[in-house]
S.K.: 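Below: one structure in structure tokens.
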Number of protein chains: 2
Amino acid sequence: MRIVVARCQVDYAGRLTAHLPLATRVLMLKSDGSVLIHSDGGSYKPLNWMSPPCTVREGVAEDGRAEWLVSATKSDDTLRILIDEVLHDTSHDLGVDPGLQKDGVEKHLQELLAEHPATLADGLTLVRREYMTAIGPVDLMCRDAEGLSVAVEIKRRGEIDGVEQLTRYLDLLNRDPALTRKGSVRGIFAAQEIKPQARVLATDRGIACALVDYDALRGMDDAEHRLF
Amino acid sequence: MRIVVARCQVDYAGRLTAHLPLATRVLMLKSDGSVLIHSDGGSYKPLNWMSPPCTVREGVAEDGRAEWLVSATKSDDTLRILIDEVLHDTSHDLGVDPGLQKDGVEKHLQELLAEHPATLADGLTLVRREYMTAIGPVDLMCRDAEGLSVAVEIKRRGEIDGVEQLTRYLDLLNRDPALTRKGSVRGIFAAQEIKPQARVLATDRGIACALVDYDALRGMDDAEHRLF
DNA sequence: TATTTAATGTCGACG
DNA sequence: CGTCGACGTTAAATA
């Protein structure tokens with residue numbers, strides 16, 4: 001990993017064209033050839049960058065300034081960095097990173113709700129996780145107290161897309177005689193957070209919304225495991 | 001902007017929980033308080049980070065190691081960085097960045113198609129850009145050779161969401177007597193690239209698909225401007 | 001390898 | 001300030 005602080009200007013050409021006027025920035029050159037150009041603000045996204053796999057050629061422009069040409073290996077994306085003045089330039093050997101361990105993403109939410117379907121609606125029991133249909137898997141297929149089928153779509157953040165997705169599943173499921181024998185399939189849209197528009201659309205389509213409390217679910221799960 | 005290279009471990013708690021085992025990494029501390037933790041690989045996304053607005057408190061852990069506690073201002077997200085050894089530590093004043101200038105995004109695509117609607121379908125003429133409806137603006141409202149209304153939805157990459165969006169517009173527009181007087185409103189889904197699933201769904205709903213060649217359109221536009 | 005889906009998405013525009 | 005849609009989305013899982 002090489003870190004350079006320099007007054008520079010940058011031009012990108014690829015899926016779009018973009019330009020950065022002359023200013024002082026931080027350039028990170030990773031060992032896989034990728035380059036990040038960071039300013040002292042914004043979020044974690046660099047102002048401009050080149051993703052690996054790519055190569056960097058260091059050269060000199062016509063006017064004598066240092067010029068770095070970064071080229072993507074697979075596409076014809078290019079990044080040109082013209083350097084006026086280098087303020088800092090160091091390299092460090094970081095080795096290979098062991099990587100990030102995550103907990104609390106949608107998959108975990110689905111696992112916990114599969115264990116505790118009754119938190120979505122009284123008397124709900126699990127039939128199957130990842131119930132396959134022609135257009136993809138329904139997160140949870142359940143049965144309610146009256147024995148009717150209930151399709152559950154789980155999102156961390158419930159937005160309009162999720163409601164559309166569940167609607168497509170319900171349209172399809174309600175044509176399946178095996179499921180509709182005892183009546184139509186209901187839908188439940190479950191998420192840690194549900195956006196107003198999504199809630200309106202769901203309600204309009206007769207789909208119930210359920211807010212999920214991840215910490216509470218995890219607590220229930222822990223309490224259960226302590227019994228063994 | 002402060003740049004630190006250090007052997008460290010990191011714990012994040014917020015919308016999820018995550019952990020980084022002990023390893024050598026680059027820590028970027030931006031002047032707005034935000035922190036990025038980069039390894040020597042991956043793409044531009046850091047292994048872990050805290051977005052502004054946030055504050056960093058430098059302290060000492062029980063075992064004597066340096067400990068940085070980063071707290072988000074608005075949420076209760078926290079990032080804890082435990083430092084075993086500092087290999088590098090420098091600060092630089094970068095000033096305010098003039099920012100990135102972009103060209104070639106969806107807005108430009110819409111401008112070009114508004115100039116040349118006939119590239120979407122023979123005889124198509126523009127009625128209005130950003131035609132407002134109760135659920136949002138239709139990108140292009142056109143009229144075909146027979147004088148019938150055509151709604152155009154433009155995407156850079158055509159996916160299933162875009163088809164759903166256009167479908168909602170068409171449902172609404174076909175209830176509008178002013179437009180349906182002469183017949184029903186057709187839809188055209190235009191994009192530089194159309195995913196197979198999106199194409200299937202569009203076709204199933206009687207929506208035409210049109211692939212857009214940005215460079216060709218820009219060429220037509222340039223040729224036109226040269227006449228003046 | 002190609003495609004589909006989730007994401008601590010981020011970012012900008014608009015009401 | 002919140003909502004919504006685009007993004008050089010990126011990145012991971014899956015077919």
S.K.: Could you tell me the separation between the NE2 atom of B/H108 and the C1' atom of D/dC7, rounded to a whole number of Å?
M.R.: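 Distance check: B/H108 NE2 to D/dC7 C1' gives 14 Å.
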S.K.: Once you round it to whole Å, what is the distance between P of C/dT5 and CG of A/L109?
M.R.: 18 Å
S.K.: Is it true that A/R218 and A/D215 have a side-chain N and a carboxylate O under 4.0 angstrom from each other?
M.R.: yes
S.K.: Would you say the side-chain atoms of B/Y214 pair up with the backbone N or O of B/V105, donor to acceptor, closer than 3.5 Å?
M.R.: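 Side chain of B/Y214 to backbone of B/V105, a donor-acceptor pair under 3.5 Å: no, none is there.
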S.K.: Could you state the CG-C1' distance from A/D161 to D/dG5, rounded to the nearest angstrom?
M.R.: 10 Å
S.K.: Quick one: pull up CD in B/Q101 and CG in A/L16 and give me the separation to the nearest 0.5 Å.
M.R.: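 Here the rounded value is 12.5 Å.
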S.K.: Distance from A/Q110 atom CD to A/K155 atom NZ, nearest 0.5 Å?
M.R.: 10.5 Å
S.K.: Without decimals, in angstroms, what is the distance between A/E130 CD and C/dT5 C1'?
M.R.: 11 Å
S.K.: Which nucleotide in the list D/dT10, C/dA6, C/dT10 gets nearest to the side chain of A/S43?
M.R.: C/dT10
S.K.: In whole angstroms, how far is the P atom of C/dA6 from the CD atom of A/E153?
M.R.: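 Rounding to the nearest Å, CD of A/E153 and P of C/dA6 are 7 Å apart.
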S.K.: Output a table of nitrogen or oxygen pairs between the protein and nucleotides 12-15 of chain D separated by less than 3.5 Å.
M.R.:
none

S.K.: With nearest nucleotides of DNA chain D determined for A/A198 and A/L47 from heavy-atom distances, which residue corresponds to the more 5′ nucleotide?
M.R.: A/A198
S.K.: Closer than 4.0 angstrom, basic N to acidic O: yes or no for A/E193 and B/R15?
M.R.: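 Looking at B/R15 together with A/E193, the answer is no, because their closest N to O distance does not fall below 4.0 Å.
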S.K.: If you take all heavy atoms of A/S34 and B/G42, which pair is closest and at what distance?
M.R.: OG-O, 4.2 Å
S.K.: How long is the gap from CG on B/L211 to CD1 on B/I194, to the nearest 0.5 Å?
M.R.: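 So the gap between those two atoms works out to 5.0 Å.
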S.K.: Name the residue closer to the 5' end of DNA chain D, choosing between A/I160 and A/K45 according to the nucleotide with the nearest heavy atom.
M.R.: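 In this pair, the answer is A/I160.
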S.K.: Mapping A/I154 and A/R157 onto DNA chain C by nearest heavy atom, which one lands closer to the 5' end?
M.R.: A/I154
S.K.: Give the nucleotide from the list C/dA6, C/dT10, D/dT10 with an atom nearest to the side chain of A/S51.
M.R.: D/dT10
S.K.: So which atom in A/L22 and which in A/R7 form the shortest heavy-atom distance, rounded to 0.1 Å?
M.R.: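 Answer, listing the atom of A/L22 first, then A/R7: CD2-NH1, 3.7 Å.
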S.K.: Does a nitrogen or oxygen in the side chain of A/K155 sit under 4.0 Å from OP1 or OP2 of C/dA6?
M.R.: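 For C/dA6, OP1 or OP2 has a side-chain N or O of A/K155 closer than 4.0 Å.
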S.K.: Provide, to the nearest angstrom, the distance between the CD atom belonging to A/E159 and the C1' atom belonging to D/dA6.
M.R.: 13 Å
S.K.: Between D/dA6 atom P and B/E111 atom CD, what is the distance in whole Å?
M.R.: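 In whole Å, D/dA6 P and B/E111 CD are 15 Å from each other.
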S.K.: Pull out every protein N or O sitting under 3.5 Å from an N or O of nucleotides 1-3 of chain C, one pair per line with the distance.
M.R.:
none

S.K.: Contact class for B/S75 vs. all strands (heavy atom < 4.0 Å): base, sugar-phosphate, or nothing?
M.R.: nothing
S.K.: Taking atom types as modelled, find out whether A/H108 and A/K102 have a side-chain donor-acceptor pair closer than 3.5 angstrom.
M.R.: no
S.K.: Run the salt-bridge test on A/E164 and A/R205 with the 4.0 Å N-O cut-off and return the result as yes or no.
M.R.: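 Answer for the salt bridge query: yes.
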S.K.: Under 4.0 Å from any atom of DNA chain C, heavy atoms only: list the residues of residues 9-25 of chain B that qualify, in numerical order.
M.R.: B/Y12, B/R15, B/L16
S.K.: Please report the shortest heavy-atom distance between B/A151 and B/L166, naming the atom on each side.
M.R.: O-CD1, 4.0 Å
S.K.: Side chain of A/Q165 only, heavy atoms from C-beta on: which candidate in C/dA6, D/dT10, C/dT10 is closest?
M.R.: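 Per side-chain heavy atoms of A/Q165, the pick is C/dA6.
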S.K.: Where is the tightest heavy-atom contact between B/D93 and A/T24, given as atom of each residue plus distance?
M.R.: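 Reported closest heavy-atom pair: O-CG2, 4.4 Å.
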S.K.: Please report the distance, rounded to the nearest Å, between NE2 in B/H38 and P in D/dT10.
M.R.: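 In whole Å, D/dT10 P and B/H38 NE2 are 14 Å from each other.
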S.K.: How is B/L79 classified with respect to the nucleic acid when contacts are heavy atoms under 4.0 Å: base, sugar-phosphate, or nothing?
M.R.: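 No contact.
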